[in-house]
Amino acid sequence: MKRIKQFISVHPIWFDIIIALLFSFVYCLINSTFLSPIYVGVPYGSVNQDSQFFYYLGTLLANGQTPYIQFFDHKGLYHISINALGYILGGRIPLFFIEILFYFVATFFFIRTIRMLSKNSRATYLVSLCLLFALLALFKQSNGEGTWLLPFVSLSMFFFVKARLNNEHFYIISGLFIGLEIALALNSRPSDAIFGGVMALAYIVFLIKEKLVKTLLLTALTAFSSLCIIMVAFYLPAYFGGYMKEMFNATILHNLLYMSKTPPDFDLVINKIIAALFLVYGLIMTIVIYKNKKTDSFSFVFSFMILGISFLYVLIAHYLAYFQSISYFLAIYIVYSFTKLFKLEKTEKAFSIATPILMCGELVAFLALCYGSVNPLLSYKEYKILENNLSLISSDVRHTPGSIYVIDCKTSIYIQGEIITNNKYVSNQSWWSYADGKIKEEVKTYIVTNKPQYIFLGTGAEKEYFLSAMSNIYEVFENPNYIASNEYTLYVRK
């Protein structure tokens with residue numbers, strides 16, 4: 001024990017590297033249900049269904065298909081490109097380690113930020129790790145759009161804190177990562193640019209207030225330059241590839257329509273409540289900190305950011321995954337504001353126990369969820385059912401592009417069956433139709449015209465509409481070895 005304490009005191013950076021690596025590995029091992037090797041096969045369920053979808057689009061991109069023309073999503077290509085890289089490197093396991101690397105970078109600079117804010121308080125160190133893990137687990141997303149933005153969020157916060165403590169020139173480096181975060185978000189899920197946008201606005205107000213005009217101009221120039229470089233890196237290939245207009249329409253216009261027209265449901269209400277709770281917390285803490293004269297050089301920017309970001313999230317947050325990209329910022333702000341008012345030294349032992357218990361508890365819960373039952377969240381048994389049903393379709397048919405089409409089902413069907421579709425709307429057809437009714441018409445025309453041999457039809461909102469198009473062409477697949485699923489019905493061409 002003495003040697004460990006001595007190592008920590010003498011080599012704090014190496015200790016932080018080890019902790020960040022362990023934290024990232026354990027988190028991804030548990031929560032990355034599509035990529036993690038502890039979940040056998042392709043677990044069929046709504047936990048990380050986006051991860052499966054993005055990976056499948058990544059395989060299409062890697063195999064030369066044209067984005068937005070041969071396959072569609074109302075998101076950008078940044079996260080799809082990383083999935084394509086994982087596929088090229090060998091598949092899901094290489095992508096799993098790429099994900100760990102991104103979490104590692106984000107977590108390492110998060111830890112270094114906490115050290116600076118807390119003046120190396122061990123209690124705050126432990127509390128922050130426990131809180132971060134809890135927030136990431138709550139937002140339950142891996143290989144999502146927000147995953148690949150986390151290092152830039154963490155780095156922008158790290159260099160902001162260094163600028164306030166050490167040298168104002170670190171604002172410029174922070175601005176670099178703010179620009180990267182905004183640009184990459186605009187080429188992934190545009191709403192994630194809220195973090196960078198609000199932080200940039202906070203910088204403008206704060207640096208003008210501090211009369212650091214030269215620093216503001218250099219920071220703004222750096223942020224704008226990094227933003228432009230990334231935008232050119234994505235839009236130039238789109239221009240020469242002939243899909244620039246389609247990409248803009250999908251990522252900006254269709255995305256805005258999707259957010260505005262998606263019907264309200266229980267998830268939407270819960271997520272707006274969560275965003276409102278962060279807003280209320282930020283408002284209360286801001287008032288208390290300023291009233292009790294507990295302000296410091298971080299208070300203005302932190303308060304500006306928590307109020308601005310949480311307010312905008314009240315307006316746009318539809319799913320818990322939307323919060324993932326700001327999880328590191330939320331953890332930093334909560335720890336910072338709480339420690340301004342309360343001392344955490346007495347909690348050190350409690351949180352040294354709580355953090356591994358939290359991790360082990362979630363691991364047990366996820367494994368029980370996956371392997372213990374057939375459920376809509378995460379199911380190994382549903383994977384085995386799908387494996388059986390796909391085996392009833394000959395490999396020649398499965399490997400012939402366009403022979404099988406999936407409507408409103410998880411893309412794990414494509415991945416597990418090694419199926420290539422020739423329709424750009426590979427799944428989520430009903431969801432996309434909320435924003436653009438022409439999509440379901442295009443899908444109907446495809447069914448009637450191309451007549452794929454098999455169709456997996458899910459339980460989406462437009463199920464009856466698609467059934468009407470299929471009624472004279474398809475019948476329910478019948479085979480004594482077929483196992484019925486609550487998630488889909490398999491149809492075969494008559």
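Every heavy atom of this structure was used, including side-chain atoms; hydrogens, water molecules and symmetry mates were not.
Remark: side-chain polar atoms of Tyr39 are paired, donor with acceptor, to backbone N or O of Ile30 under 3.5 angstrom. A donor-acceptor pair under 3.5 Å links the side-chain atoms of Ser226 to the main chain of Leu176, judged by distance alone. Although no hydrogens or angles enter the test, the distance criterion places a donor-acceptor pair under 3.5 Å between the side chain of Arg92 and the main chain of Phe34. Looking at Tyr27, its side chain does come within 3.5 Å of a backbone N or O of Leu136 through a donor-acceptor pair. With Ser154 contributing its side chain and Pro151 its backbone, the two residues share no donor-acceptor pair below 3.5 Å. Using modelled atom types, one side-chain atom of Thr107 and one backbone atom of Tyr103 make a donor-acceptor pair closer than 3.5 Å. When atom types are taken as modelled, the side chain of Gln429 and the backbone of Val406 share a donor-acceptor pair closer than 3.5 angstrom.
Between Tyr78 and Phe234, the ring planes are perpendicular. Angles over 60° get that label, and only those under 30° would be called parallel.
Two residues are said to be in side-chain contact when any heavy atoms from C-beta on lie closer than 4.5 Å; Met157 and Met305 meet this criterion.
The aromatic ring centres of Tyr446 and Tyr405 sit less than 6.0 Å apart. In this structure, Phe323 has its ring center under 6.0 Å from that of Tyr313. The aromatic ring centres of Tyr491 and Tyr474 sit 6.0 Å or more apart. Under the 6.0 Å cut-off for aromatic ring centres, Phe278 and Tyr281 do not qualify, their centroids lying 6.0 Å or more apart. For Phe160 and Phe302, the distance between ring centers is under 6.0 angstrom.
Applying the 6.0 Å contact sphere to CZ of Phe477 captures more than 12 heavy atoms from other residues, nucleotides or ligands.
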- Message: For a side chain to side chain contact (heavy atoms under 4.5 Å, CB included) check, start with the C-alpha distance between Ile111 and Phe23, then their side-chain angles and the critical distance, and finish with the verdict.
- Response: CA-CA 11 Å; Ile111 290 172; Phe23 181 96; over 6 Å; no

- Could you please spell out the steps behind the salt bridge (Lys or Arg N to Asp or Glu O under 4.0 Å) verdict for Arg112 and Asp16? CA-CA 8 Å; Arg112 300 303 294 175; Asp16 291 346; 2.6 Å; yes

- Message: Run the salt bridge (Lys or Arg N to Asp or Glu O under 4.0 Å) test on Glu441 and Lys444 for me, step by step, so that the C-alpha distance in whole Å, both residues' side-chain angles and the decisive distance to 0.1 Å come before the verdict.
- Response: CA-CA 5 Å; Glu441 296 174 8; Lys444 181 179 180 178; over 6 Å; no

- Go through Tyr380 and Tyr383 one step at a time and tell me if the ring pair (Phe, Tyr, Trp, His ring centres under 6.0 Å) criterion holds. CA-CA 5 Å; Tyr380 174 74; Tyr383 154 73; 5.5 Å; yes

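For the residue pair Ser142/Asn31, the side-chain donor-acceptor check at 3.5 Å is not satisfied.
When all heavy atoms of Asn187 and Met231 are compared, the pair lying nearest together is ND2-SD, 3.2 Å. Minimum interatomic distance between Ile415 and Gln52 (heavy atoms only, all atoms of both residues): CD1-O, 3.4 Å. Closest approach of Leu35 to Ile93, counting heavy atoms only: O-CD1, 3.9 Å. A pairwise comparison of heavy atoms in Asn428 and Asp408 identifies C-OD1, 3.6 Å as the closest pair. The two residues Leu312 and Val198 make their nearest non-hydrogen contact at CD1-CG2, 3.9 Å.
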